[in-house]
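Chain letters run A, B, ... following the sequence lines, proteins first and then strands; every chain starts at 1.
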Protein chains: 2
Amino acid sequence: MNDPLPAAPMPDTIANDLALAIHEHRLMPGTKLSEEELGEIYGVSRTIIRAALQRLAHDRLVELKRNRGAYVAQPTVREAREVFEARALLEPRTARSAAERITEDDLAALQRHIDEEHAAIDDGEAGRALFLSGQFHLEIARIADQATITDFITQLVARSSLIIALYWHRRGALCESHAHHALMRAFAERDSDLAEELMKNHLLDLLSSLDLRNRTSAPASLREALGA
Amino acid sequence: MNDPLPAAPMPDTIANDLALAIHEHRLMPGTKLSEEELGEIYGVSRTIIRAALQRLAHDRLVELKRNRGAYVAQPTVREAREVFEARALLEPRTARSAAERITEDDLAALQRHIDEEHAAIDDGEAGRALFLSGQFHLEIARIADQATITDFITQLVARSSLIIALYWHRRGALCESHAHHALMRAFAERDSDLAEELMKNHLLDLLSSLDLRNRTSAPASLREALGA
DNA sequence: TCGATTCGGATTGTATACAATGTTGTGTCG
DNA sequence: CGACACAACATTGTATACAATCCGAATCGA
């Protein structure tokens with residue numbers, strides 16, 4: 001009845017908050033994450049901030065330069081390719097598993113996700129739309145019921161967001177949403193072959209929508225991005 | 001003694017040392033990792049130890065129980081299955097890639113690895129043999145030249161070591177070595193199809209050599225395991 | 001005797017203080 | 001005028017002190 005928050009450990013809370021900001025492109029690659037500044041923003045000491053930054057560094061969302069501070073990661077072209085290679089290896093098979101074991105409740109949850117995604121796009125909230133688009137992939141992994149693989153995909157999706165921030169060149173924001181719709185239909189019909197194939201192509205489309213030749217970075221203000 | 005190391009960051013050094021101890025089964029699943037005790041052993045403050053433990057926790061090698069301390073992780077049966085599912089998804093394809101791009105130098109390095117493995121087995125150093133066996137898989141991933149996937153396999157191999165500690169039954173340590181030999185031959189002949197197939201079967205053999213019904217734990221002393 | 005309760009010790013969680021390192025601006029020398 | 005050297009500053013790295021929490025044992029009561 002009480003306790004709205006069961007007191008989640010502070011470092012994880014902050015790490016998740018920062019991860020969300022990165023995912024939604026409020027924090028852009030290269031942005032410096034000063035420990036003291038973050039401490040002031042969240043009202044905690046650097047101890048907590050450091051733990052959070054360490055966690056993000058382990059997920060490769062943040063780069064920790066010794067004695068020089070933490071920065072939002074800037075994946076190289078090579079890393080970008082590797083991330084999508086890994087996704088191409090993991091996600092199609094995961095989509096197949098998901099299609100084989102998906103329940104009506106899962107389908108409803110997926111549909112809600114897609115609806116939210118549309119709402120965000122209609123509201124012009126590009127960052128949130130991007131985040132939800134990633135969550136769609138995670139939801140599929142969750143349905144496949146393989147926690148370990150889901151963890152990996154979580155990391156890959158998060159890094160993809162950074163990659164998109166650096167290398168995406170405008171070429172149809174719609175394909176995302178259409179591809180998700182098509183996947184949704186495959187799931188609804190329990191067509192695992194189709195789901196696997198659609199996911200594979202979806203990832204290839206995503207990769208081909210990137211310009212992996214030069215980066216187009218653009219650092220941002222810290223306090224502003226976090227709205228605190 | 002001397003101090004020849006170019007001062008690698010302490011937390012990582014300690015984390016690696018602990019990871020090695022876990023990998024070699026000197027630290028068994030369930031062993032409590034007291035911050036103060038570790039601090040005394042390594043001659044650093046709890047700050048460093050906490051950072052190391054956090055890193056290991058993120059790799060799922062240790063479990064962090066809030067307000068109750070860190071323990072060497074005890075993967076459940078479910079986690080064990082998931083880890084090998086993930087390996088079955090990643091490693092055969094990685095072995096294929098490795099076979100396609102392996103160089104003479106790589107082959108020599110792999111052979112040295114196998115030789116070391118044999119030496120350890122002959123010397124009765126079971127823990128070290130197990131570690132080297134894992135390193136063999138990592139070496140293959142490294143040859144495939146996909147850092148991201150290699151990172152994942154690193155985690156999975158480390159966790160496999162915990163799983164073996166808990167669920168291993170068939171005492172035949174030889175099958176490992178034979179399978180690695182066969183893989184080695186496939187690599188030498190650049191037979192990528194064979195390499196993929198051999199890796200797939202190798203992992204299945206590994207999985208079938210586990211008894212995933214009940215665990216057989218056995219905690220150990222901390223100072224003794226770390227030999228300090 | 002058995003159970004619940006409370007007090008004590010031990011361990012972890014967090015904040016703060018200090019040391020080490022990297023950066024930047026300034027001044028001098030060539 | 002430019003380049004190097006040095007010094008002051010800012011930021012991170014580490015240690016320590018204190019607070020919060022948990023576990024267990026002893027005590028009290030039924």
J.: Over all heavy atoms of both residues, which pair between B/S161 and B/H23 is shortest? Give the atoms and the distance, please.
T.: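 Reported closest heavy-atom pair: OG-O, 2.9 Å.
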J.: What pair of heavy atoms forms the shortest contact from B/A129 to B/E117, and how long is it?
T.: O-CG, 4.1 Å
J.: Which pairs, protein N/O on one side and nucleotides 20-25 of chain D N/O on the other, fall under 3.5 Å?
T.:
residue, atom, partner, partner atom, Å
D/dT21, O3', B/N67, ND2, 3.2
D/dC23, OP1, B/R68, NE, 2.8
D/dC23, OP1, B/R68, NH1, 3.4

J.: So how far is it from B/L53 CG to B/L61 CG, rounded to the nearest 0.5 Å?
T.: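 Answer rounded to 0.5 Å: 11.0 Å.
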J.: Mind listing the closest non-hydrogen atom pair of A/R26 and A/L20 along with its distance?
T.: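 Closest heavy-atom pair between A/R26 and A/L20: NH1-O, 4.4 Å.
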J.: Will you find, in the side chains of B/Q155 and B/D151, an N or O donor that is under 3.5 Å from an N or O acceptor?
T.: no
J.: Tell me which residues in residues 46-57 of chain B put a heavy atom below 4.0 Å from DNA chain C, sorted by number, or none.
T.: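 Hits under 4.0 Å, by residue number: B/R46, B/R50.
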J.: Rounded to whole angstrom units, what separation is found between the CD atom of A/E36 and the P atom of D/dC9?
T.: 16 Å
J.: What pair of heavy atoms forms the shortest contact from B/T150 to B/L138, and how long is it?
T.: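 In terms of heavy atoms, the two residues are closest at O-CD2, 4.3 Å.
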J.: Under 3.5 Å, is there a donor-acceptor pair linking the side chains of A/D106 and A/T103?
T.: yes
J.: Taking the six-membered ring for Trp, are A/H180 and A/F136 parallel (under 30°), tilted (30 to 60°) or perpendicular (over 60°)?
T.: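 It falls in the parallel class, under 30°.
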J.: How long is the straight-line distance from NE2 of A/H113 back to CG of A/L132, given to the nearest 0.5 Å?
T.: 6.5 Å
J.: Can you tell me how far the OG1 atom of B/T13 sits from the CE atom of B/M10, to the nearest 0.5 Å?
T.: 6.0 Å
J.: Of all nucleotides in DNA chain C with an atom under 4.0 Å from a non-hydrogen atom of chain B, which is the first and which the last going 5' to 3'?
T.: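 In short, chain B contacts DNA chain C from C/dT11 to C/dT14.
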